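Working notes, structure below.
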Amino acid sequence: MAENQFIKLRKEKLARIRALGIDPYPVQSARSHKIAEILADPDGSVENATIFTLAGRLVAMRRQGKIGFGNIEDDSGRIQLYVSKAELGEENYELFKLCDAGDFVQATGTAFFTQTGEYSLRCTCIKLLSKNIRPLPTVKEKIENGRAIRYDEFSDIELRYRKRYLDLLLNPEHRKVFATRSRIVSAIRKFLDSRDYIEVETPILQSLYGGANARPFITHHNTLDVDLYLRIAVELYLKRLIVGGFERVYEIGKNFRNEGMDRTHNPEFTMLESYEAYSDLQGMMDLVEALVKHLATDVIGKDIYRYHGHEVNLAGTWRRAAMADLVQEATGIDVMEATVDKLTAFCTEHELEIPAGSAKGKLIAIIYERFVEHTLIQPTFVCDFPKEISPLAKAKPGNPLLADRFELIIAGGEFANAFSELNDPLDQRERLEAQARLRALGDDEANVVDEDFLEALEYGMPPMGGQGIGIDRLVMLLTENDSIKEVILFPQMKPGN
RNA sequence: GGUCCAGUAACUCAGUGGUAGAGUAUCUGCCUUUUAAGCAGAGAGUCGACGGUUCAAGUCCGUCCUGGAUCACCA
């Protein structure tokens, strides 16, 4: 294979380097400055004749007879190296000639400007820190009118996801997305911590799964010889913690759902869930709105985002609307008054699939999802969900058919889900048993009855509000990426060849 | 899962049924301030896989694999 020819040549270079008595993978490196530091104050550096020892990856080589140029990059920046045989000496220059783009090197020297005015490091010594034996894909860049034009960009989507390290290395703007993701998650923690929440970790391996409608992954514990599920949500465990006396808890972690994958779904994804005793739906609405606005304004620094072809404005007061009103607006049907037969007929007419055992509320939700959800572009709290599709939410005060629940919809997609949490143990048991009946009818995403959770409720749980936000989708919005794979470092891919 | 698009050198891509191409990268030579360095030369391919049609297939047909877009379902 041609690949082996490249590698074979590099291995021969390795041997030549070793023959010079040089260890191509030394233990020691001794960096005195990061590249950003030498870049920070060029004039001062020149005057002071400071000696810099930089370390990083050689990203370009331009050899030219008895001199040469290279570019070295660390996580703070990139600078040009000027290397000459006269200043390095015969032996060290011999090593430089054996260096390739992709190698890690340490370069010692002083700052100066080249004839063409580029601020560079005039090297007095080059040390090899790690030899590359597989050539990096070639990406060249030209700066024109202050803008970088990239040639032969590493842009194949499949390769970028499968070889993410190359994507990060060769496409700095993608590295930036993940740095931004980190800042967002960090800001979420600070936001909640400052409101007296504590962060907790609950089991990923569970003998019963719950807290959402989804199919789980199943795994096996050898010593116990039992099958375990990977969690689909953390809800039931966080509620147990509120029973246990914590008043405000949150968890940021991976959930796993054994379902399809597309540009907004990855089998493992990151969720934030938080629960606050003595709060309620209104409290959660305020919390979610304040949190998302804080991230947009203070972390990213803007209110308007382009997302899935829409312009989304996160500023201003977010719309709040009842699901029934939205459905009526879109279809003309007064769903609160309509009979089950009428709704069923409507669904059938529009070829909407009706799962076995669907009651009126489920039908309303089906119509909502088909005709309304994707039309809500600007942030909208959709309230008054049907109770029977909200088995963990309290009934809305004054209307036993509705749940005290909202979903936050932005650009036609769900960003948050929250309710006044159900704390009546007998009601909760009935609701979960209703779910079990749906399950028996073939709904394999319905909740299972968790006796230990019900027992915890029987000991008493304070009234509270809880909410969940899909972090990946939030990062997609805030970094203006339309595919979840762009915000997950190693997205799920089918095994390749 | 349905439909559509794509897969050719390490990277980015041309390729009209008739000898497999370019730029970059790599290798060799020259070059003491270059920067998409330059000049000269060389090597590099299971054209995603398998089957079929044809005198002849990267190209046409079929099946499959992988990715993307879109629709359906889920956050």
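Per chain, numbering begins at 1; letters A, B, ... match sequence-line order. Remember, it's a predicted structure, so these values are computed and weren't measured experimentally.
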So if I take every side-chain heavy atom of [X] and compare against [options], which nucleotide ends up nearest?
X: A:Q5; options: B:G43, B:U24, B:U33; result: B:G43
X: A:E118; options: B:U12, B:U34, B:U66; result: B:U34
X: A:F6; options: B:U66, B:A10, B:U33; result: B:A10

Touch class at under 4.0 angstrom, heavy-atom based, for A:M493 against every strand present: sugar-phosphate
Detail all sub-3.5 Å separations between protein N/O atoms and N/O atoms belonging to nucleotides 37-40 of chain B.
from: B:A37; atom 1: OP1; to: A:K140; atom 2: NZ; distance (Å): 2.1

Quick one: list whatever passes salt bridge (Lys or Arg N to Asp or Glu O under 4.0 Å) with [X], sequence neighbours left out.
X: A:E199; value: A:R189
X: A:K142; value: A:E144
X: A:D100; value: A:R10, A:K13, A:K131
X: A:E118; value: none

Any side-chain heavy-atom pair of A:D103 and A:S130 under 4.5 Å: no
Distance-only donor-acceptor check, side chains A:T53 and A:T108, under 3.5 Å: yes
Within residues 76-105 of chain A: residues closer than 4.0 Å to RNA chain B (heavy atoms): A:Q80, A:Y82, A:D100
Residue pairs fulfilling ring pair (Phe, Tyr, Trp, His ring centres under 6.0 Å) with at least one residue in residues 136-174 of chain A, sequence neighbours excluded: none
What pairs meet the salt bridge (charged side-chain N to carboxylate O under 4.0 Å, His left out) rule with one or both residues in [range], with sequence neighbours excluded?
range: residues 254-264 of chain A; value: A:K254-A:E268
range: residues 351-377 of chain A; value: none
range: residues 77-92 of chain A; value: A:E73-A:R78, A:K85-A:E90, A:E87-A:R122

Centroid separation A:F69 to A:Y82 less than 6.0 Å: yes
Proximity of A:F419 and A:Y275 rings by center, below 6.0 Å: no
Integer-rounded Å distance: B:U33 P and A:L121 CG: 18 Å
Protein and nucleotides 70-72 of chain B: nitrogen or oxygen contacts under 3.5 angstrom:
from: B:U70; atom 1: OP1; to: A:R263; atom 2: NH1; distance (Å): 2.6
from: B:U70; atom 1: OP2; to: A:R263; atom 2: NH1; distance (Å): 2.8

Per-nucleotide pairing state of RNA chain B [Watson-Crick or G-U, under 3.5 Å; [ ] pseudoknot-crossing; | other strand]: (((((((..((((....[..)))).(((((.......))))).....(((((..]....))))))))))))....
